[in-house]
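Everything below concerns the one structure shown next.
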Amino acid sequence: MSLSDAVAHLSPERWERANRLLIRKALAEFTHERLITPERCTGDAYTVRSDDGRTVYRFTATVRALDHWQVAADSITRHREGVELPLAALDFFVELKQALGLSEEILPVYLEEISSTLSGTCYKLTKPQLTSAELARSGFQAVETGMTEGHPCFVANNGRLGFGIHEYLSYAPETASPVRLVWLAAHRSRAAFTAGVGIEYESFVRDELGAATVERFHGVLRERGLDPADYLLIPVHPWQWWNKLTVTFAAEVARGLLVCLGEGDDEYLAQQSIRTFFNASHPEKHYVKTALSVLNMGFMRGLSAAYMEAAPAINDWLARLIEGDPVLKGTGLSIIRERAAVGYRHLEYEQATDRHSPYRKMLAALWRESPVPSLQEGETLATMASLVHVDHEGASFAGALIERSGLIPTEWLRHYLRAYYVPLLHSFYAYDLVYMPHGENVILVLADGVVRRAIYKDIAEEIAVMDPDAVLPPEVSRIAVDVPDDKKLLSILTDVFDCFFRFLAAHLAEEGIVDEDAFWRTVAEVTREYQASVPELADKFERYDMFAPEFALSCLNRLQLRDNRQMVDLADPSGALQLIGNLRNPIAGR
């Protein structure tokens, strides 16, 4: 690739379109989070002014349930002192930095994240334009790599600071470039392997890599006079090897505590979560999640060796709970378990840092089950994030599935809600158990466009039992957290209603497939059906009322605008919440 080819996607036309789309999202989500307050002109026309009042943004919007602003991208114009100016996202954030609370320290890094997000959008605009209807008939990985938006709430959602352009083209999920992982041998004095019940290190690694590859890697160690029995094998993201470990872990390499063995044979595809890989050579084999010291959407995407040690045990515990609960089992819910984990502890960096430090999260990996072997005849897979994907013609992926299913739209919605939403309700009310159930963390199992069941993933880092006194096995005790009573139900009202259903409902209403009233009425009916099925939990339903008139507005962009390196402490998830007023509950009174 030539120097100029590397930036061929950055054309003036695509840049203009990317800026328009991002400013549309910024106006919508920052208004939703009450950072900016549009002034109504006439009808559906609004204006937003810059901090100094000199620059004016004009646009039209439909305001929907949950204070969702559906801004028409092509209606947006920018004016200063009577002159129309081109739309420029970087200018937008500088012009409104006070309203957005962007400090002098955060602003330039945030602008870099915005620049990267815009560049990614430009690349996506070069790809063949698949319609949602075509995507609805495509395979699992075609859907995964076909997503164009990323997280629906976050404005700077594809920062990936640390990737150069050649690395973006090699490792971003939307480029669908096959990746071979780098394998290291890590000395057992500093490395640990943990696994779920019935898994043993040697046989697991041979199953994943193949006997010939393992023998080749052992040969590299023997040639250096090292005993393979003294080492554990760790898969590493190629970026992490080239950019971090070769320099930051230079002492470990020089002393033979880490030995580079070369690339594995299997080809992988990066997933939406960017540091997780799907095995394209052998789809039935495990996903591999790697450490990646890249700043993306509010976190350095490392992986803590200490945190990984408990991952398999937490997954086994949850799998047993689901298996033993008739309600959860009846919905078809399953998880793809994180079956094994390996981590390397750099003792000197650990002595110099606290547990949040990115230096403690540079070398670890875990293996997560593939959903592919669980499929029955006629079933296909799609990430739930795809439901809020909208194609270049304005058609949603959810709408395409409904069309394909032949069902009445609200009936299709019921199937989806019973598969995805009812398990969340029951986990909460029966066990105080919550997930991080956003679109990228859920895989839908489909048959002819109908959602048959849901598969939850990313378990060990994301689940919590919101009862500090819960009786849990010692090895999973870290998932017990203390959350104030009045914030507990936000795990559904914010994470599901506000951060996912809000967008799904708006897209379906915009297309005239399901009007908002019918959407939320269906959610209410499925909620009441669930509650009627477990009358023994009536006290909990009263204590945590899904039908309360209002709930607190919890703002995600405010977290990132305040601290775009460490938005939330996972050990204290409620401590960082930015709560700004209330939202009217769209199922209240139904």
Side-chain angles (χ1 to χ4, degrees), residues 181-197 199-202 204-205 208-209 217 221 228-241 243-246 248-253 255-261 264 273-277 286-294 299-317 337-369 457-463 474-479 570-571:
L181 300 178
V182 174
W183 285 81
L184 305 184
H187 199 272
R188 287 176 183 262
S189 63
R190 293 196 171 196
F193 176 87
T194 53
V197 176
I199 291 179
E200 181 263 336
Y201 171 74
E202 277 79 13
F204 181 81
V205 168
E208 280 298 301
L209 281 167
F217 287 167
L221 292 170
D230 293 338
Y231 288 82
L232 295 171
L233 302 186
I234 300 185
V236 173
H237 194 298
W239 186 94
Q240 194 77 352
W241 171 248
N243 293 276
K244 286 295 175 186
L245 302 178
T246 52
T248 311
F249 280 44
E252 314 299 281
V253 176
R255 293 154 63 193
L257 294 168
L258 287 178
V259 180
C260 184
L261 305 171
S273 58
I274 203 166
R275 58 183 166 160
T276 301
F277 290 97
H286 290 76
Y287 289 92
V288 180
K289 185 174 183 177
T290 58
L292 183 63
S293 300
V294 164
F299 290 101
M300 189 70 77
R301 297 289 161 174
L303 212 56
S304 161
Y307 224 64
M308 285 305 97
E309 280 188 31
I314 292 170
N315 280 261
D316 282 351
W317 172 84
R337 290 174 294 175
E338 290 146 5
R339 299 294 279 144
V342 62
Y344 185 90
R345 303 182 76 153
H346 193 300
L347 302 184
E348 292 77 12
Y349 284 129
E350 286 194 6
Q351 289 173 342
T353 59
D354 68 14
R355 66 185 174 87
H356 292 301
S357 172
Y359 287 97
R360 293 192 181 203
K361 302 174 184 178
M362 288 189 179
L363 184 50
L366 64 77
W367 286 269
R368 179 186 293 142
E369 292 171 317
K457 68 180 183 71
D458 219 353
I459 301 302
E461 284 192 283
E462 305 280 27
I463 69 167
E475 63 271 22
V476 305
S477 59
R478 78 143 191 252
I479 69 172
L570 292 174

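Here the structure is a predicted model, which means the values were calculated and not measured. The first residue of the sequence shown is numbered 1, and numbering continues consecutively from there.
Here CG of Leu303 is found 10.0 Å from CG of Leu292. Values are rounded to the nearest 0.5 Å. Remark: Ile459 CD1 to Ile314 CD1 distance equals 10.0 Å, nearest 0.5 Å. One distance of note links CG of Leu233 with CD of Glu208; it measures 11.5 Å at 0.5 Å rounding. The CG atom of Leu209 sits 9.5 Å away from atom CG of Leu261, with the distance rounded to the nearest 0.5 Å. Considering CD of Glu462 and CD1 of Ile479, their distance stands at 12.5 Å, rounded to 0.5 Å. Separating the OG atom in Ser189 from the OH atom in Tyr344 is a distance of 6.5 Å, to the nearest 0.5 Å.
In this structure a side-chain-to-backbone donor-acceptor pair under 3.5 Å is missing from Ser357 to Thr353. Arg360 places a side-chain N or O within donor-acceptor distance of the main-chain N or O of Asp354, the cut-off being under 3.5 Å. Judged by distance alone, with hydrogens and angles left aside, the side-chain atoms of Asp316 form a donor-acceptor pair with the main-chain N or O of Val197 at under 3.5 Å. Counting only distance, with no hydrogens or angles, the side chain of Thr246 and the backbone of Trp241 share a donor-acceptor pair below 3.5 Å. In this structure, the side chain of Arg275 engages the main chain of Gly302 through a donor-acceptor pair within 3.5 Å.
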| task | Let me see the working for Leu245 and Val253 under side chain to side chain contact (heavy atoms under 4.5 Å, CB included), right down to the final yes or no. | result | CA-CA 8 Å; Leu245 302 178; Val253 176; 6.0 Å; no
| request: Take His237 and Phe277 through the ring pair (Phe, Tyr, Trp, His ring centres under 6.0 Å) test and state the conclusion after the steps. | output: CA-CA 9 Å; His237 194 298; Phe277 290 97; 5.2 Å; yes
| Between Lys289 and Glu461, is a salt bridge (Lys or Arg N to Asp or Glu O under 4.0 Å) present by the stated rule, with each step listed? | CA-CA 12 Å; Lys289 185 174 183 177; Glu461 284 192 283; 2.9 Å; yes
| field | Derivation of the side chain to side chain contact (heavy atoms under 4.5 Å, CB included) call for Leu258 and His187 | value | CA-CA 6 Å; Leu258 287 178; His187 199 272; over 6 Å; no
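Considering all non-hydrogen atoms of both residues, Gly343 and Ile234 come closest at C-CD1, 4.4 Å. Smallest separation of non-hydrogen atoms from Ala341 and Pro312: N-CG, 4.1 Å. The nearest pair of heavy atoms linking Pro228 to Leu221 is CA-CD1, 3.8 Å.
Leu184 has its side chain out of reach of Val259: every pair of non-hydrogen atoms, C-beta onward, lies at least 4.5 Å apart. Residues Leu366 and Val288 are not in side-chain contact: their nearest non-hydrogen atoms beyond the backbone lie 4.5 Å or more apart. Considering only heavy atoms from C-beta on, Arg190 comes within 4.5 Å of Leu347 through its side chain. Counting only heavy atoms from C-beta outward, the side chains of Arg355 and Glu350 never approach each other to under 4.5 Å.
Ionic pairing of Glu369 and Lys457 is not present here: no N-O contact between side-chain nitrogen and carboxylate oxygen is shorter than 4.0 angstrom.
Qualifying side chain to side chain contact (heavy atoms under 4.5 Å, CB included) partners for Ser293, counting only residues two or more places apart in sequence or in other chains: Trp239, Gln240, Lys244, Met300, Met362. The ring-ring contact (aromatic ring centres under 6.0 Å, His included) test applied to Phe204 returns His286, Trp367, not counting sequence neighbours. For the side chain to side chain contact (heavy atoms under 4.5 Å, CB included) test, residues two or more places apart in sequence or in another chain that qualify with Ala192 are Glu309. By the side-chain hydrogen bond (donor to acceptor under 3.5 Å, both in side chains) test, Arg368 is found to be paired with Glu338, Asp458, residues two or more places apart in sequence or in another chain being considered. Judged as a side-chain hydrogen bond (donor to acceptor under 3.5 Å, both in side chains), and not counting sequence neighbours, Tyr231 has no contacts. Under the rule for a side chain to side chain contact (heavy atoms under 4.5 Å, CB included), the partners of Ser304 that lie at least two apart in sequence or sit in another chain are Ala306, Tyr307, Lys361.
Applying the 6.0 Å contact sphere to OH of Tyr349 captures more than 12 heavy atoms from other residues, nucleotides or ligands.
Ring geometry for Phe249 against His346 counts as perpendicular: the plane angle is over 60°, on a 0 to 90° scale with 30° as the lower cut. Ring orientation note: the planes of Trp183 and Phe217 are tilted relative to one another, at an angle of 30° to 60°.
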